[in-house]
Every structure is written in C-alpha cells, then in structure tokens.
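Each remark here refers to the structure printed beneath this line.
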Protein chains: 2
Amino acid sequence: MKKVKRTTIYDIAAKLGITASSVSRALNNSNQVNEKTRELIMKTADELNYKRNTLASNLRKGQSKTIGIVVPRINQNFFSNVIAGIEEATYQKGYNLIICQSNELHDKEIQCVNTLINQHVDCIVISVSADGNDYQHLQNVIDHGIQLIQFDRVADELETLKVINDNEQASFEAVSHLIEGGYKRIGLLEGPQNLAIFKQRKLGYLRAFKAYNVPVIDELIVENAWTKELGAAGTRKLLNLPHPPDAIFASTSDFSALGVLEVASAMGIKVPAELGVLGYANESFSEITSPSITTIDQFSFYMGNTVANLFFQELENTDTKTKPKIISIKPELIIRASTSKNK
Amino acid sequence: MKKVKRTTIYDIAAKLGITASSVSRALNNSNQVNEKTRELIMKTADELNYKRNTLASNLRKGQSKTIGIVVPRINQNFFSNVIAGIEEATYQKGYNLIICQSNELHDKEIQCVNTLINQHVDCIVISVSADGNDYQHLQNVIDHGIQLIQFDRVADELETLKVINDNEQASFEAVSHLIEGGYKRIGLLEGPQNLAIFKQRKLGYLRAFKAYNVPVIDELIVENAWTKELGAAGTRKLLNLPHPPDAIFASTSDFSALGVLEVASAMGIKVPAELGVLGYANESFSEITSPSITTIDQFSFYMGNTVANLFFQELENTDTKTKPKIISIKPELIIRASTSKNK
DNA sequence: TTTAAAATTACAATCGATTGCGTAAAATAA
DNA sequence: TTATTTTACGCAATCGATTGTAATTTTAAA
C-alpha cells in the first residue's frame, strides 16, 4: 500500500493564503469567520477531498467521542442485540464504538479494559465475564475519569451506573406460571452462582415456591447447567430420579432448555404433557422448536438503547459527583407450547 | 464526572529527573536506554498508574492500529460470527476494531465509511448493503491510502482484496443434491440480483440443471424472497401453481427456508416426502426445526479469520502496487432431514 | 593515560487540529 | 470626520508521544 499524503487544514489554508485557525473555525462552524471565507474554505476542503484527522482533533480536545464495549461474546444473540441497540442511539450523535470480547476470560477482560483506557474512550460499557471476581480493572476505569456503565452481568459491589434486568421478578413470574399451570415438582437448572443474574433467578424461583406455599425440593436443583450439553446432562440426572420433576426451569438460557427437550424426546417423555419446559432469553430458535419453548424476553435491543441514553444523560449532568444509578428493565414472560400442560 | 488529569510520560520524566524521550523509549522497549533506567521508568510508570495515550501515539506515528468494519447488521448471525473471527485474529496483534452498521442503507454506509476514514483506521473491512450500487465512497477509501477488504457481499467492479464464498459452486452442489435425491421440479427463491452473491447462487442453480440435463422451468423462480415473510409468500405462490414444485431451494437464507416450512405445514404438505426444502447459511436454528433443514455452511468465523490474515499479509507486503487478491472459501453442504425424500 | 568507539541521554521538531489572546479591518455611532 | 464597537483573522501555544540528531557519558582499545 503506498503512503498517501492526506490533505490537512494547512493545505487548505496555504491554498487560500489564510491561516489554519480560520480553516479550523470554518470547519467547526464557529461564528468567528466571515460567511464568504467559510464558503470558500468549505469548497476548497471539498475539492481537496479533505477529511478531518479525528486523532489530532481528539487529542487536542481531550475527548474521543468513542464508547468502548466489552462483552463475553460478540456473536451471542443477546449481546449482539444490545450492541445494536447501543449503536443505534450513539451513531446519530457522532459517537464511535470500539468493541472487544472477553471470551468469558477474566484476563482478557482486563486486557480489553486497559486497551480502552489507552484509547481514551469517553465511556466503557461492560458485561463482566463469568470467570473471576476481582474488579480492580473496573475501579481503574473510574479512577481515570472514564464513565463506566455495567449491564446485565454486573459487579454488585462497584458503585457505577447499571442497566440490569429484573431477573428475580422474571424468574418469579415464570415459576408462578408453571405452578398455576398445574406443575407440582419443578426442577431448576441454575447457572454459576458467582454471577448475580443467576443468583437472582434462583431467588425468584425460591420466592415463587414460598408465595404458593409449595415446599422446595433440594434434589431438583442442578448446579451449573448453562450450556445445551450441561443442560442435557442435568436433565438426564433429574429424570432418572426416583421422583422425577414434572417441569424444568432452565434458568440459564434457551440453549439449556433445548438440551432438556432433546433428552425428554430421547427418553420418550412428552412435553408439555408429562414435562413442562421453561427457558430464558427468548433466543430466535425458541419459537420454532417443537414444542415451542416458553421463555423470558430480555428486551436486549432496548437494553442497549437504555445504556446509551444513560450515558448521554450523565454527560449533560454537571453535578460534581454522580450518584450510582441503576435502571432495571422488567423482562417479559413469553408463554408458548412447552408449558401448556392442560391442552 | 470529574475531570481527571492523567499521568503522561512527562510526569514520569519529571519525577525521575530525565527526559520524556527516554521514558518513551523505555516504554517502547527500545534498546537505546540503559537497563537500570528502564526498570526505574517501568516501576514509576506503574506507580503513577500510567496509561499510554494512544491518540497521541497514533497521531505521531501516522497509524492507528485500528480496523474499521462496516456490515449491514451487527446482530445477524453471519456477520457477528465474521466479526468474532476478525476479532480473534486481530486482538492478539494489538489491533482494535471499530464497528459500524449500515442497516442496509447506502447513505448510512457512506457515513460509516467517512467516519472510519476520519478515524484514520488502517483498514476498512466491508460487506456492502443491498441498497445502492454507487461505490465512490469505497474508491475514496483507496484514495486515502487505506487498505480496503471486501467480504461476502462485494462490489465486483472495484479492484480490492476480497474474501468471498464460492456461492456458485455451493449452490450447484446443493441443487445437484436435490436432483440426485429424486426431486424433479425444483423451485428457487432468489435474492436481490444487484448483489453478486445472489446472482451467483442463481447461476449455480442453473448450472446444476444443465449438468443433469434437466430443463429449467422459469415459473418456478421467485424473485426477491429474502426474508421469512417473503419466502413464505413466494412459497404460497409456488405451491398454488397448477404444476407445483416438489422441492424449493431458499437460496437467500435459512429464514426464507423457515417460511417455506411453515407454509408447507399450513397447507398440509409433507416435508421432505412431498416437498424438499433447502436453505442457506446454516443458522443455528436450522438443525432444530422439524424436519431439520438441509443448508449450506459458510464458515463465517473462519471467513473473519481469513480477512484478518489477509490484512496482515498485505501489511508485510512491501510491493509498490498490490494486485487485487480474491480468496474464495468453499462452503459446505449440510445434509439434513428436509431433503431426504426416500426415507 | 589517552583516544576512539559505543552506549546513553538530552534537545527539539513533528504529527494535525484547536483555541485564547491580540490586532487589523470593517462597521457603526457620535 | 473621528471615535468606538464589532467582526474577522493571525499568532502561537497546546494536546502527548515519537524520533532524528546532537551531546554527553561510559566502555574498550591502544
């Protein structure tokens, strides 16, 4: 690739016999420059195919108009939707997105965050990885005066802006739906309890039992079943119990619920008649499985939007000290075939 | 958010009573600095929580170690996988990704590209939007000395690096599979023909007919059926013909194929016995529909990897003029239940 | 011990855009 | 016409890191 000399404001200035400051002012719509000169500058800039060097501009201005995003996986439906939501809201305000993925690895997450600090981003939006529970790198973000917004998977102990789902309530409603539907022995496939979201979902599950005065059966709770394979394994274990469950809440994801369906099908157990199945996240496939899976929609795109708006809101907020704001989005139970016992 | 003064190399230099140049060199592992001073500098940098200002560094060096990506939609499986593939390969070399989405709109695509040029990215990776066929903005990228790599949906007329799928061959093999499976009247749901990928898929379809000496029946070809809804509509039209097809190749996507399945189911037509169905892209849901959908895998993650490697390869290539290189990835036919007529 | 060579470090310019301050020129008021 | 206010533009410093060149110190050779 050959090196190309790009036109700068000096080139424009030289061509017109004026100073770069005037060019800069014209380009920034300052009213300190004569209308005629401005037009001339604009025309010349266009002729010379001038493009502002954002690096230089940002360096001088001490801001980058860039938002950094760190997610466990870019190519996971939930996250890519959140990103799309952020993108929609920030693009029109002239912000750029730098996206990193942590691959669920704590070390890579730290690396990502550091890179973003180096880049002088104006804000870092993060959903922490499952691995690790040391948050020094996030504290560091704050110390560098960079706005930090956590979403979905958040480190509770850090006082930052947060956008979360009300997992507890969603889980409560989901399990209530199962109980009201006539299911008696409801199993739970739970996720890593070091992540608050999974802890909350379990709490919702427990609260539903209490609300309906149904005793909790500990042997129906399976730890760490957050992939399709682990979900399937957990299901096999549950269904082979002397007293197997008549419903399973795959609280980790629809993928896990898919594992439940497959095992049930392999064992000749009918869903939803003999076994109710409930997932989480409303993945696109959940409505086309047979039977379709009752699940919980997290409004991921809207969540991204909310994150972006929160950032802009705080930007205008000139208070010396911003108090940590937490926005909770209420997920929605999507009732489908997999939990319709009585049909 | 309070303004924070970040430590610079000058702060480190001042504290140690040396010059910023030495600090810079130490930080960049230059061998022009004494081992003891280096250690001292490193220690102090750490103590002061120093983070390099990438903006300043890049401005000075005239490169940004950043790659810009423009895709129609971030939250589409294929694209987010390609991005993940690019990310994997570039991250370890210290590159950052700036991601934009064009939303399939030509104007927004132009805006995105211009933003990336402003950002002085080292490379722009793009899959063009369906809308529009003017590529001045891409020519502009080249004129600015920025490496341009097109993937999947490419503007043929522009001589750039390209990473594409061999759509024609994949399509040929897919249709051959149908013919060999005993299907006689194979319908085609085609995409917008201004995109080369869809044109190629149609060519593959036609070539298969020629290869097996089967006459092409024009009325079985439906234009512009590239969403689930349009696919369903096209299917309805096809199945209501006096002589309906006994197989449908949804060449645009699995979503379209899903539309086919639904219409067939609604009309009581059995898949695959009475109607073979073939999709494209190997979306995650395609293996869990009933019946599961025979489709074509595009190796999207690998494609992203390839794009990244191509970039690095060209980076080392010091030839004055790089010739346009085209890498074609051979997609793979994934045979599933929806095309097994004889079972 | 002297001198040449090598290793360190300092100095200063540079990347491109922005902006406070000062001044010349133009517009307005007296 | 002169005084005063606006308006428009120039000058020069600045953002933080990098790097060619010069100066200094250290090391090695004579």
Side-chain angles (χ1 to χ4, degrees), chain A residues 3-42 44-45 48-66 94 117-122 144-145, chain B residues 3-42 44-45 48-66 94 117-122 144-145:
Chain A
K3 193 87 174 190
V4 175
K5 173 79 178 83
R6 295 161 74 138
T7 56
T8 70
I9 52 172
Y10 294 98
D11 298 327
I12 299 176
K15 181 156 185 188
L16 296 177
I18 56 177
T19 354
S21 19
S22 294
V23 177
S24 173
R25 282 189 252 262
L27 258 23
N28 286 294
N29 294 314
S30 155
N31 57 348
Q32 285 193 65
V33 51
N34 187 285
E35 192 49 44
K36 276 182 199 154
T37 354
R38 149 177 290 119
E39 278 168 22
L40 207 58
I41 291 172
M42 292 313 225
T44 315
L48 298 180
N49 199 5
Y50 169 79
K51 298 264 188 268
R52 166 192 276 125
N53 185 330
T54 320
L55 291 179
S57 172
N58 289 341
L59 172 60
R60 180 59 229 255
K61 293 201 284 199
Q63 55 142 33
S64 63
K65 279 226 164 196
T66 298
I117 295 178
N118 288 356
Q119 285 281 342
H120 274 229
V121 294
D122 295 341
H144 275 90
Chain B
K3 194 85 176 192
V4 176
K5 172 76 178 81
R6 295 162 74 138
T7 56
T8 70
I9 51 172
Y10 295 97
D11 298 328
I12 299 176
K15 181 156 185 189
L16 295 177
I18 55 176
T19 354
S21 25
S22 294
V23 178
S24 173
R25 281 190 248 263
L27 258 23
N28 286 292
N29 295 313
S30 157
N31 57 348
Q32 284 192 67
V33 49
N34 187 286
E35 192 51 42
K36 275 181 200 155
T37 351
R38 149 178 290 119
E39 277 168 21
L40 208 58
I41 290 171
M42 291 313 223
T44 316
L48 298 180
N49 200 5
Y50 169 78
K51 297 264 187 269
R52 167 194 273 125
N53 185 330
T54 320
L55 291 179
S57 172
N58 290 341
L59 171 60
R60 178 59 228 258
K61 294 201 285 199
Q63 55 143 31
S64 64
K65 279 226 164 196
T66 298
I117 295 178
N118 287 357
Q119 284 281 343
H120 273 229
V121 296
D122 295 341
H144 275 89

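Each chain gets a letter, A, B and so on, in the order the sequences are listed, and its residues count up from 1. Values reported hereafter were calculated over all heavy atoms of this structure, with side chains retained and with hydrogens, waters and symmetry mates removed.
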### Query
What is the distance from CG of L16(B) to P of dT8(C), rounded to the nearest Å?
17 Å

### Query
What's the CD-P distance between Q119(A) and dC15(D), to the nearest Å?
20 Å

### Summary
Rounded to whole Å, the NZ-P distance (K5(A) to dT14(C)) equals 13 Å

### Query
Taking 4.0 angstrom as the limit, do R38(A) and E35(A) come out as a salt bridge?
yes

## Note on the structure
Atom CG of N29(B) and atom C1' of dT19(D) are separated, to the nearest Å, by 16 Å

### Task
State, yes or no, whether a side-chain contact exists between R6(A) and I117(B) at a heavy-atom distance under 4.5 Å.
yes

### Query
Are any of the side-chain heavy atoms of T8(B) and N53(B) separated by less than 4.5 Å?
no

### Task
Would you give the length of the straight line joining atom CG of L59(B) to atom CG of L55(A), rounded to the nearest 0.5 angstrom?
6.0 Å

### Task
Could you tell me whether the side chain of L48(B) reaches within less than 4.5 Å of the side chain of K15(B), counting heavy atoms only?
yes

### Query
dG16(C), dG16(D), dT19(D): which one has an atom nearest the side-chain heavy atoms of N53(B)?
dG16(D)

### Query
Atom NE2 of H120(A) to atom C1' of dC15(D): distance rounded to whole Å?
10 Å

### Query
Is a donor on one side and an acceptor on the other found under 3.5 Å between the side chain of N34(A) and the backbone of K36(A)?
yes

### Query
Is Y10(A) near enough to dT14(C) that one of its side-chain N or O atoms lies under 4.0 angstrom from OP1 or OP2?
no

### Query
Could you state the CG-C1' distance from N58(A) to dC15(C), rounded to the nearest angstrom?
14 Å

### Task
Check each residue of residues 30-42 of chain B for a non-hydrogen atom within less than 4.0 Å of any atom in DNA chain D, then write out the ones that pass by number, or none.
none

### Message
Looking at every non-hydrogen atom in both residues, tell me the closest pair between K65(B) and D122(B) and how far apart they are.
### Response
N-OD2, 2.8 Å

### Task
Answer yes or no: is there a donor N or O on one side and an acceptor on the other, between the side chain of T44(B) and the main chain of L40(B), under 3.5 Å?
yes

### Message
Contact list please: residues 17-26 of chain B against DNA chain C, heavy atoms, distance less than 4.0 Å, in numerical order.
### Response
G17(B), I18(B), T19(B), S21(B), S22(B), R25(B)

### Summary
Taken to the nearest 0.5 Å, the spacing of M42(B) CE from N29(B) CG works out to 5.5 Å

### Rounded distance in Å - CD (Q63(A)) to P (dT14(D))
21 Å

### Query
To the nearest angstrom, how far is R52(A) atom CZ from dA17(C) atom P?
8 Å

